[in-house]
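Naming convention: chains lettered A, B, ... in sequence-line order (proteins, then strands); numbering from 1 in each chain. FYI, side chains are in, hydrogens and waters are out, and symmetry mates aren't considered; it's all heavy atoms of this structure.
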Amino acid sequence: LAKTTQPISMDSYEGQEVNITCSHNNIATNDYITWYQQFPSQGPRFIIQGYKTKVTNEVASLFIPADRKSSTLSLPRVSLSDTAVYYCLVGDMNNRDDKIIFGKGTRLHILP
Amino acid sequence: GAVVSQHPSRVICKSGTSVKIECRSLDFQATTMFWYRQFPKQSLMLMATSNEGSKATYEQGVEKDKFLINHASLTLSTLTVTSAHPEDSSFYICSAIHRDPTDTQYFGPGTRLTVL
């Protein structure tokens with residue numbers, strides 16, 4: 001199971017674009033990259049998932065370089081409500097023996 | 001997206017009693033579910049993997065006789081904390097694997113357990 005490394009915390013301002021980068025040097029061929037958002041006293045919420053290149057949905061974009069050893073979550077025009085902890089997870093959910101191990105995540109603080 | 005529910009959302013119990021937490025996948029079937037525990041200001045810690053129709057796989061350091069897991073159907077897994085003690089007080093979160101279109105893990109809202 002690939003181990004991930006993220007910045008412990010980040011600050012940004014409302015209306016800015018925020019990019020959070022995650023390193024996963026030991027990613028395996030069948031691993032997907034998934035990002036989650038967690039608010040206090042709530043379960044993690046799925047944001048986006050990708051395998052390679054770029055993925056975009058209504059809330060975020062995920063950029064994955066060709067070597068897949070890192071990924072960047074991009075949140076466009078953040079608001080105060082985006083203050084949360086963001087987790088980057090890597091794994092192969094099709095493999096019954098695989099399991100998601102959470103890293104420390106990135107604590108994002110949006111300032112007015 | 002896929003929805004996972006947990007019940008109860010919050011429970012307070014006396015030391016020595018047992019507490020059961022339910023995890024349900026509401027709109028999909030899940031052969032695999034996971035149970036996590038989270039202490040304040042910390043990340044989620046995987047406790048066990050629950051596979052439908054077979055015994056759960058526990059992580060190192062997690063007592064299987066204390067944290068009983070039953071995955072009796074494709075939409076329900078339960079975690080029973082037996083003989084609870086104050087140090088078992090924590091936030092318990094379950095997740096389920098949704099396999100369409102890609103295998104993605106979806107999380108429940110969590111259960112806050114307080115043992116007095």
Side-chain angles (χ1 to χ4, degrees), chain A residues 1-9 22 28-53 55 57-60 62 64 83-109, chain B residues 1-7 9-10 21 23-25 30-54 56-60 62 71 90-114:
Chain A
L1 187 67
K3 185 175 179 179
T4 59
T5 304
Q6 304 173 232
I8 294 296
S9 65
C22 177
T29 302
N30 294 329
D31 287 344
Y32 275 76
I33 301 157
T34 312
W35 285 80
Y36 293 88
Q37 175 192 58
Q38 188 183 28
F39 297 112
S41 296
Q42 295 186 27
R45 184 178 75 98
F46 172 85
I47 301 174
I48 197 165
Q49 183 181 70
Y51 183 81
K52 61 180 179 180
T53 62
V55 180
N57 62 21
E58 59 275 10
V59 297
L62 178 59
I64 306 168
T83 294
V85 179
Y86 292 81
Y87 293 99
C88 158
L89 301 176
V90 173
D92 175 13
M93 290 288 95
N94 195 41
N95 179 355
R96 262 199 155 188
D97 295 326
D98 206 353
K99 52 197 175 188
I100 295 290
I101 304 297
F102 276 75
K104 297 183 185 300
T106 297
R107 194 170 294 274
L108 177 64
H109 188 203
Chain B
V3 180
V4 177
S5 71
Q6 279 184 243
H7 178 80
S9 59
R10 182 182 298 267
I21 303 170
C23 177
R24 294 181 184 273
S25 55
T31 55
T32 302
M33 292 183 173
F34 300 96
W35 286 95
Y36 293 84
R37 182 166 53 180
Q38 186 175 35
F39 293 106
K41 301 289 187 183
Q42 294 187 23
S43 184
L44 283 76
M45 183 184 75
L46 180 66
M47 298 176 66
T49 302
S50 171
N51 293 303
E52 188 268 337
S54 63
T57 304
Y58 291 81
E59 293 302 300
Q60 193 172 6
V62 178
H71 194 156
S90 188
F91 192 53
Y92 291 86
I93 307 171
C94 72
S95 69
I97 304 297
H98 185 217
R99 301 198 180 278
D100 181 28
T102 58
D103 297 338
T104 304
Q105 191 176 198
Y106 289 93
F107 290 84
T111 297
R112 174 75 58 191
L113 170 63
T114 302

key: Residues that B:Phe107 engages under ring-ring contact (aromatic ring centres under 6.0 Å, His included), provided they are two or more places apart   = A:Tyr36, A:Phe102, B:Tyr36
Tell me whether [X] contacts the main-chain N or O of [Y] through its side chain, where contact means a donor paired with an acceptor under 3.5 Å.
{"X": "B:Asn51", "Y": "B:Thr32", "value": "no"}
{"X": "B:Gln38", "Y": "B:Phe91", "value": "no"}
{"X": "B:His98", "Y": "B:Ser25", "value": "no"}
{"X": "A:Thr4", "Y": "A:Leu89", "value": "no"}
{"X": "A:Gln6", "Y": "A:Cys88", "value": "yes"}

request  = Just give me the residue among A:Pro40, A:Ser41, A:Gly103 that pairs up with chain B most often, heavy atom to heavy atom, under 4.5 Å.
outcome  = A:Ser41
message = Report which part of B:Gln42 has an atom under 4.5 Å of a heavy atom belonging to chain A: side chain, backbone, both, or neither.
response = backbone
request  = Please state whether the side chain, the backbone, both or neither of B:Ile93 comes within less than 4.5 Å of a heavy atom of chain A.
outcome  = side chain
ask   = Do you know which of B:Thr104, B:Asp103, B:Ile97 has the most heavy-atom pairs with chain A at a distance under 4.5 angstrom?
value = B:Asp103
key: Winner by heavy-atom pair count (cut-off under 4.5 Å) against chain A, out of B:Arg112, B:Glu59, B:Gln6   = B:Glu59
inquiry  = What part of A:Arg45 gets within 4.5 angstrom of chain B, counting heavy atoms only: side chain, backbone, both, or neither?
reply    = neither
key: Heavy-atom proximity to chain B below 4.5 Å, by part of A:Tyr87   = side chain
